[in-house]
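Read the structure below first, then the notes.
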Amino acid sequence: MNPTPRKNTRQVTIGTVTVGGGAPVRIQSMTTTHTRDVDATVDQIQQLMEAGCEIVRVACPTEADARSLGKIKSRIKIPLVADIHFNYRFALIALDEGVDKLRLNPGNIGKKDRTVEIVEKAKKMHVPIRIGVNGGSLEKDLMEKFGPTPEALVESAKRHVAILEELDFHDIIISLKASDVPTMVASYRLASQIFDYPLHLGVTEAGTLLRGSIYNAIGIGTLLQEGIGDTIRVSLTAESVEEIKVGKMILEALGLRKGVRVIS
């Protein structure tokens with residue numbers, strides 16, 4: 001039985017890769033190196049790329065990490081995403097370094113003029129922004145009102161999206177990750193009804209290779225079977241290459257990718 005026809009979301013371009021709007025479901029991963037260690041980071045990205053990774057995210061907790069992005073990008077062939085949490089300066093540096101996407105929650109950046117500066121620059125450089133809502137770090141008022149529920153996750157995403165839309169920015173991708181699989185599935189179902197932006201699927205803190213693979217297969221697989229989801233990341237406490245292998249298997253199992261199937 002084929003999956004339900006996929007929801008036709010707005011198409012977003014990340015470097016040379018398109019997401020949403022009928023493009024194939026893309027497989028992503030994240031490096032585990034210190035980004036400022038350029039050689040180690042590039043080596044890991046090459047391994048991920050060989051395994052089938054199509055988009056890679058790197059953490060930028062320090063200025064040195066952000067300033068290494070250009071060197072890394074010049075040595076890899078897949079789009080590079082900078083993970084920025086609270087420091088707006090690092091986002092501006094990442095854009096200057098030529099990243100292909102920012103993972104950034106505009107509501108966490110502080111004063112509005114900082115968000116405006118990032119968004120204007122991202123718009124000019126055609127760099128999309130992924131809003132990444134996480135069940136473990138929801139706003140206090142939403143936790144008090146809803147608890148750690150799908151409604152709270154979607155409400156948080158709506159707030160961040162509204163900030164970008166007010167600035168006429170629409171190159172947006174959304175993720176609503178939770179460690180509890182039923183919450184994660186319900187959150188994305190709800191988000192799919194509300195937003196027409198591409199959705200990046202994942203179960204956060206899924207765990208070890210075996211446990212994490214099962215949690216991700218159920219969470220991501222359920223949604224893809226319903227036609228929801230444009231990119232995926234299988235988050236595991238294991239080598240990053242394993243994330244790609246499991247992700248490919250999930251897509252193959254649903255007939256969304258061709259693979260060699262061994263029946264035993």
Side-chain angles (χ1 to χ4, degrees), residues 12-19 24-105 108-109 118 121-122 125-130 132 134 173 175 177 200 202-209 212-213 216 231-251 257:
V12 172
T13 303
I14 306 164
T16 55
V17 173
T18 51
V19 168
V25 177
R26 305 296 185 182
I27 303 176
Q28 299 186 205
S29 187
M30 185 172 184
T31 55
T32 55
T33 55
H34 289 297
T35 303
R36 56 192 174 274
D37 186 342
V38 174
D39 288 341
T41 303
V42 168
D43 283 349
Q44 195 173 77
I45 293 171
Q46 299 288 10
Q47 290 169 29
L48 288 168
M49 213 167 65
E50 284 164 22
C53 182
E54 294 165 287
I55 300 163
V56 68
R57 178 161 58 108
V58 296
C60 293
T62 72
E63 186 167 331
D65 295 312
R67 293 200 182 279
S68 302
L69 295 168
K71 293 188 191 108
I72 293 164
K73 184 170 160 56
S74 70
R75 291 170 58 184
I76 65 172
K77 291 188 171 71
I78 57 175
L80 184 65
V81 183
D83 197 352
I84 311 287
H85 281 280
F86 301 103
N87 195 311
Y88 87 105
R89 282 196 317 109
F90 299 170
L92 295 172
I93 292 167
L95 289 167
D96 286 335
E97 291 284 323
V99 292
D100 300 295
K101 184 172 89 172
L102 291 175
R103 189 266 191 196
L104 170 91
N105 289 353
N108 296 346
I109 290 297
I118 293 166
K121 193 164 204 165
M125 299 176 86
H126 305 290
V127 172
I129 293 174
R130 167 155 76 88
N134 195 312
I173 296 168
S175 65
K177 297 187 180 182
H200 168 67
V203 179
T204 190
E205 296 161 13
T208 56
L209 182 57
S213 297
N216 276 283
T231 78
I232 66 170
R233 181 200 168 191
V234 174
S235 183
L236 299 171
T237 312
E239 293 290 325
S240 296
V241 166
E242 299 297 332
E243 298 186 353
I244 302 302
K245 290 179 186 173
V246 176
K248 283 167 78 172
M249 284 182 201
I250 292 169
L251 294 181
R257 284 285 168 108

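- The shortest heavy-atom contact between D100 and P79 is OD2-CA, 3.2 Å.
- For the atom pair OH of Y88 and CG of L104, the computed distance is 13.0 Å after rounding to the nearest 0.5 Å.
- In this structure the side chain of Q28 never reaches within 4.5 angstrom of the side chain of E54, judged on heavy atoms.
- The closest side-chain heavy-atom distance from L102 to L95 is below 4.5 Å.
- Taking the charged nitrogens against the carboxylate oxygens, D39 and R75 do have a contact shorter than 4.0 Å, which makes a salt bridge.
- Between L69 and A94, the closest heavy-atom pair is CD1-CB, 3.5 Å.
- Looking only at side-chain heavy atoms (C-beta outward), R57 and T31 stay at 4.5 Å or farther from each other.
- The two residues I244 and S29 come nearest to each other via the heavy atoms CD1-CB, 3.6 Å.
- Side-chain N or O atoms of N105 include one that pairs as donor or acceptor with a backbone N or O of G132 at under 3.5 Å.
- A salt bridge does not link R67 with E97: none of the charged nitrogens is closer than 4.0 Å to a carboxylate oxygen.
- K73 NZ to I45 CD1: the interatomic distance, rounded to the nearest 0.5 Å, is 11.0 Å.
- Taken from CD1 in I76 to CG in L48, the straight-line distance is 10.0 Å, to the nearest 0.5 Å.
- Checking side-chain atoms of S240 against main-chain N and O of M30 turns up a donor-acceptor pair under 3.5 Å.
- Between the side chains of S175 and R130, at least one donor-acceptor pair of N or O atoms lies under 3.5 Å.
- The main-chain N or O of E63 is never found under 3.5 Å from a side-chain atom of R36 such that the two would form a donor-acceptor pair.
- A donor-acceptor pair shorter than 3.5 Å can be found between the side chains of D65 and T62.
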Report task. Go through the steps for H200 and V19 under the test side chain to side chain contact (heavy atoms under 4.5 Å, CB included), then give the verdict. Result -> CA-CA 9 Å; H200 168 67; V19 168; over 6 Å; no

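- Here the closest heavy-atom approach between residue F90 and residue A66 is recorded as O-CB, 4.0 Å.
- Contact annotation: the side chain of V234 never approaches that of E242 to less than 4.5 Å [non-hydrogen atoms, C-beta and beyond].
- Between R233 atom CZ and T204 atom OG1 the span is 8.0 Å, to the nearest 0.5 Å.
- Residues T32 and Q44 bring a donor and an acceptor atom of their side chains to less than 3.5 Å of each other.
- Taking the side chain as every heavy atom from C-beta outward, L80 and V58 approach each other to under 4.5 Å.
- Of all non-hydrogen atoms in V12 and P128, the two that sit nearest each other are CG1-CB, 3.4 Å.
- Of all heavy-atom pairs between A59 and T35, the closest is O-OG1, 2.6 Å.
- Side-chain contact between I109 and I118 is present, with at least one heavy-atom pair separated by less than 4.5 Å.
- Within the model, atoms CZ of R89 and SG of C60 stand 12.5 Å from one another, a figure rounded to the nearest 0.5 Å.
- K248 places a side-chain N or O within donor-acceptor distance of the main-chain N or O of A51, the cut-off being under 3.5 Å.
- Put simply, the residue from D43, V38, T41 that forms a side-chain contact (heavy atoms from CB on, under 4.5 Å) with T33 is T41.
- The CD atom of E243 sits 5.5 Å away from atom OG of S235, with the distance rounded to the nearest 0.5 Å.
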